[in-house]
Structure formats: structure tokens, C-alpha cells
Amino acid sequence: MKTYEVFLKKPGKAPYEHAGSMEAPDDELAVILARETYARRAEGEHMWLVARDDIVDVDPGLIEPNTDRPHRSNDGSVVAERRRRHRAATGDESA
Amino acid sequence: MSDALREYVLAFADDELVMGHRHSEWLGIAPFLEEDLAYASIAQDELGHARALYGLLGDEVDVLAFRRPPGEYRSCRLVELPCVEWESSLARHFLYDLAERVRWESLATSSHPALAGIAAKAAREEEYHARHVTAMVRRMLTGTDESRRRVLAALEELAPVARGLFEPAPGAGSLVADGVVGRGPAEEESAWRLGVSGELAAAGAAVDFEGPGDPGAGRRGVRSEHFADLFATMTSVLALDPEAAW
């Protein structure tokens, strides 16, 4: 049996979201069984199945934040202020 | 409604009712969770077909489904078998659903509008059932030596029994003449055998349909030795509370 990760997408601009995982013997049966397992009640308009073995799993140590470097934490306020000044100066509302 | 049409609808509905019940027996004990859900869903679909067909015969669907004397049921032997081994249940699901697809196809252009309507809705669900079971059987046939051996043995045992699905109900010929059913049981059986053989051939397998016994006796009211237990379970809620509503 293979483990698959299931992603569902609602209509419109909604992104694909992880719905859960499931087991199936192969891709063909995964598609068939996913319908009953995850999409019986219009949970989504599109579905992706990804074999878990195909996922690149990143070492948590690599993505651990550097707590000793607070300047890397960005709440966006500096850039927002800069965009505000730019709009005021140029009248460019798209900025 | 003519007696012939009533017999035809009863036979189909009783097959669906009993098949749905047998499938539901796997709830919670199918080999893996995802298959468990698929089986339960297919069981519900079959019961839904039974309800729609009984609905053509009158408003008292529950009475038709649960309160007739055993001799008045028309289900065939295949659906009444317990099939307690998984491969056996899967082989029956395969033989049954390929046959069911053929039976709905025969009603697609029925001159009886309500029947044609039920067939159109059922055919869509049936596509899923057939796709599910053919993929699963193919997987078993191309899996391990053991999975191939077990599913083939089950198919060998059940294919002759499954012929009973095409036992004509009394008056079947008149239904074809009136355009209610697109083709008769013999023609349906040929189409079914072709479908089953084709699917098996794709996995380098074959099955012999000929066998002893009278698999269609159920159409004449003869119940198999398994029916009493099945019926007791199926009607157990009703036995506890005859006024129960659901």
C-alpha cells in the first residue's frame, strides 16, 4: 500500500488545501477511493493526490528561525509606510 | 402496471436490496479504511436503487422491502450468498456490478418514462461501482500469486451462480416487445459475459460460466438456504419496533 496526501480546492480563487492522507494500492485505485474518502459531500471542485514518497521533506533544522536576529522578523510596517509615502508623492494608487 | 413489469421490477429491486445489505455487512471490517468507505457508499447506492424501483410499485416501500413473506421475494442466489471471505465478496461485487450496468443500459431508452429516469440516475452511480471493482480485481489479479489465486478461485465458484441474475422473470418477452426493456435476458447475459471476459483477459485470466445448479430459482420464489438469516438481520429493527420510522 502507498500513502497519498490529499489536497482539495474549492471553487474560485481558493488555494489547494491539505485535506488529509489516505492509503491505496496504486494511483488508479487512489483516485477511485479518494472520491469516497474525501469528496463525497462537495468538499472541493478539484483534487490533487500526491504520493507521500514524492514529497521532498525538509529538515526542520534548516527552516528553524534565527531567534537571535530580530531584525529578520518583518511585520510589514516599514514597507507599508514606504508605499504610503510613495503614493502620496506620486499619486500612483497602484503602488 | 402489467404483471410482467411488476415481476421484472421486483426481481431487479430485490437483487439491489439484498446486494446492498450484503455489501453493508463489510462496514467496519473491510481490509482497509478507504475500501470500507467505498463499500459502504456502494451499499447505500444499491439500496437507493432498490428504493427507487420499489417506488414504482407503490408508496409502501418499507412494506415491499421488509414485510413480504420470503416466497414473494425474487432475489437471485448470487446476492443471497454470505461471501464471508473478502475475495469472495469482491468477486461477487465484480460479477454483480458488471451485470447491473448491463441491466441499466437495457432501460436507458425504456418506453416507461419513470423507469428510464431511474436508469439514467443509476447508470451514473454504476459507472463508479464498475470502475472501483474492475480496478480492484485487476489489482488482485496482477498482485501476488496468492491474491491472483484467491480471486480467481472465487470468480470460478461464483460465475456460474451469477448467471442467475439473467433468469427471466415471467413475461420478460412482452416487456421487450413493448419497448419497456431494450433487450431480453439472453442478450443481456451475452453482453455481461463479454464484459466479464474482457476485463479478465486484460489481466491474462479467464473464467468458466458453465456450472451445475439452478442459480435463477430465486426468480420463481425459491429462497436459498442463506435467506432466513439474512432476512432476520435485515428486518431486526422492524422486529424490535414494528412502528419504527426512519
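Ranked by heavy-atom pairs shorter than 4.5 Å toward chain A, the options B:Leu33, B:Asp36, B:Leu37 are led by B:Leu37.
Residues of residues 9-17 of chain A lying under 4.5 angstrom from chain B, judged on non-hydrogen atoms, do not exist.
A side-chain donor from one of B:Ser106 and B:Arg183 sits under 3.5 Å from a side-chain acceptor of the other.
Using bins of under 30°, 30° to 60° and over 60° for the plane-to-plane angle, the ring pair B:His93/B:His23 lands in the perpendicular bin.
Only the side chain of A:Glu28 comes within contact range of chain B, judged by heavy atoms closer than 4.5 Å. Interface remark: B:Arg131 contributes backbone and side-chain atoms alike to the contact with chain A (heavy atom separation under 4.5 Å).
Between A:Tyr4 and A:Val50 there is no side-chain heavy-atom pair separated by less than 4.5 Å. Side-chain atoms of A:Leu33 and B:Phe32, non-hydrogen and from C-beta on, do get closer than 4.5 Å to each other. With contacts defined as side-chain heavy-atom distances shorter than 4.5 Å, the pair A:Lys2/A:Pro25 does not qualify.
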Inset, instruction - In sequence, state the C-alpha distance, the side-chain angles, and the governing distance for B:Asp62 and B:Tyr54, and then conclude on side-chain contact (heavy atoms from CB on, under 4.5 Å). - result: CA-CA 9 Å; B:Asp62 284 350; B:Tyr54 288 135; over 6 Å; no
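B:Arg103 forms a cation-pi arrangement with B:Phe12, by the criterion of a distance under 6.0 Å to the ring centre and an angle within 45° of the ring axis.
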